[in-house]
Enquirer: 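Pasting in a structure now, in structure tokens, and then I'll have a few things to ask.
These values consider heavy atoms only, across backbone and side chains, with no hydrogens, waters or symmetry-generated copies. Here is how names work: the chains are called A, B, and so on, in the same order as the sequence lines, proteins then strands, and each is numbered from 1.
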Amino acid sequence: MEKQHKPKKVFVEGPISPDFIAKSIASHQSKTGIGAHAIFLGQIRADEKEGGAVSGIAYTAYEEMAEQTFHEIREAAFARFELTCLHIYHSLGLVPTGQISLFVFVSSPHRRAAFEASEYIVEEIKTKVPIFAKELIGDNGEFEWKRNV
Amino acid sequence: MEKQHKPKKVFVEGPISPDFIAKSIASHQSKTGIGAHAIFLGQIRADEKEGGAVSGIAYTAYEEMAEQTFHEIREAAFARFELTCLHIYHSLGLVPTGQISLFVFVSSPHRRAAFEASEYIVEEIKTKVPIFAKELIGDNGEFEWKRNV
Amino acid sequence: MSLHVLYFGMLAEVTGLAEENWLNNGQLTVGDFRAQVMQKYPALQGKKFKIAVNQRILEDLADIAPQSEVALLPPFAGG
Amino acid sequence: MSLHVLYFGMLAEVTGLAEENWLNNGQLTVGDFRAQVMQKYPALQGKKFKIAVNQRILEDLADIAPQSEVALLPPFAGG
């Protein structure tokens, strides 16, 4: 990769709104080399636990290391796939059930690269980025620490 | 597949707006079994041709057969993957360069199924649905019929 | 027998029409029909197309039922 | 030497703090540090964690440079 991409801020406070996603899409309509966008959204499930249903997730992170790791994942994706644009957003703090905590937005001239990069990036995020998630359960202040498998 | 899904209208007149996509996402936030959305968007590229750059695509279709084929693709995807929701929208008529003509929206409890279904559905659409595309080139009324390869 | 024939995309430009009625004495296979339509519109020579009968793409050996809707489909370009 | 130690997620609950300074006579490997921290906080026994030194996850045999930032990272759960 000859071109280095400027590190971009990934973390946002609280849920990622559909309106934010729409604005991101709209801002790519002037890039007329793009033929395919692949978007991945992670949404908080109301999984049933012993103490009740999950009502939300509180995210924390080792922020500096996480932002650096996101940057490295982006660079690796640009090197590996033919991409025009790549944006990653992840929530910190509380994200209630049904809301979106991860937004991966990949754009390419062709669909093959968009699909492959989208999967690659999501898997890399799950395994490499130091983000921690406390699942809030029921109404009595119970919680459980989540882990990606 | 025990459950049959009601045929849904796929075709929309003209481009698919980012705002429409945002509304679709928002309407899935009450479905708290969903953990992953995979969205594919097809955007019109300004490819350079002999007579100039592509300025847009005019879509036509064998509409009845196309809607039936879309329905069959949806049923096959529900049978093959663990999906909560699946929506497909495709433009008819003129879609200018930079605008969106295809919106495939797959939702699942888990990311694996969402990714796989998204790719499967887009490939099926490209090869099986009788949609025809006239690429409009430059300013002199030139055009070229597009074909998926 | 009588068929209703539809032309799509570049094929409608070649034939100059979007649809027409098609009359024939006796049974037709898809292959028979393909030969007839290419004889009527020689400009179809060299064009790639599939034939759908009542919205199903059929091979040349298949019979066309009377009153069928027959469509000439150029290469697909959705997405 | 002196290190700055950070605890994240469930590990911060176990130790009761988010960060602290760590003093030691002489050189430490990651494995040495792991043993020390588990001695200081026995509740860390049985918890799964990785150790990052200056934001890089290192194996137990690696040396820790003086003045490093050392982080205890429980299982990741992004996405």
Enquirer: Need one label for A:Ala61: side chain, backbone, both or neither, based on atoms under 4.5 Å from any heavy atom in chain D.
Expert: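 The backbone, not the side chain.
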Enquirer: Quick one: closest heavy-atom pair of A:Ala66 and A:Val129, and the distance?
Expert: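 The pair with the smallest heavy-atom distance is CB-CG1, 3.6 Å.
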Enquirer: How many angstroms lie between CG in A:Leu41 and CZ in A:Phe103, if you round to the nearest 0.5 Å?
Expert: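 Going from the CG atom of A:Leu41 to the CZ atom of A:Phe103 covers 6.5 Å.
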Enquirer: Can you tell me how far apart CG (D:Leu44) and CE (D:Met10) are? Round to the nearest 0.5 Å.
Expert: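 Going from CG on D:Leu44 over to CE on D:Met10, the span is 11.0 Å.
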Enquirer: State, to 0.1 Å, how close D:Gly79 and A:Leu102 come at their nearest heavy-atom pair, and which atoms those are.
Expert: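 It is CA-CD2, 3.6 Å.
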Enquirer: Could you list every donor-acceptor pair linking chain A to chain D (distance under 3.5 Å, backbone and side chains)?
Expert:
residue  : atom : partner : partner atom : Å
A:Tyr59  : OH   : D:Gly79 : O            : 2.8
A:Tyr62  : OH   : D:Glu69 : OE2          : 2.4
A:Glu64  : OE1  : D:Gln55 : NE2          : 2.7
A:Met65  : N    : D:Gln55 : OE1          : 3.4
A:Glu72  : OE2  : D:Arg56 : NH2          : 2.5
A:His90  : NE2  : D:Gly79 : N            : 2.8
A:Ser101 : OG   : D:Gly79 : O            : 3.4
A:Ile131 : O    : D:Ala77 : N            : 2.7
A:Lys134 : NZ   : D:Glu13 : OE2          : 2.9
A:Trp145 : NE1  : D:Glu13 : OE1          : 3.0
A:Asn148 : N    : D:Phe76 : O            : 2.9
A:Asn148 : ND2  : D:Gly78 : O            : 2.9

Enquirer: Looking at D:Pro66 and D:Met1, what are the two nearest heavy atoms and their distance?
Expert: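 Taking D:Pro66 first and D:Met1 second, the nearest heavy atoms are CA-SD, 3.9 Å.
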Enquirer: Is the shortest heavy-atom distance from the side chain of A:Val95 to the side chain of A:Pro15 under 4.5 Å?
Expert: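 Yes. Closest side-chain heavy atoms under 4.5 Å.
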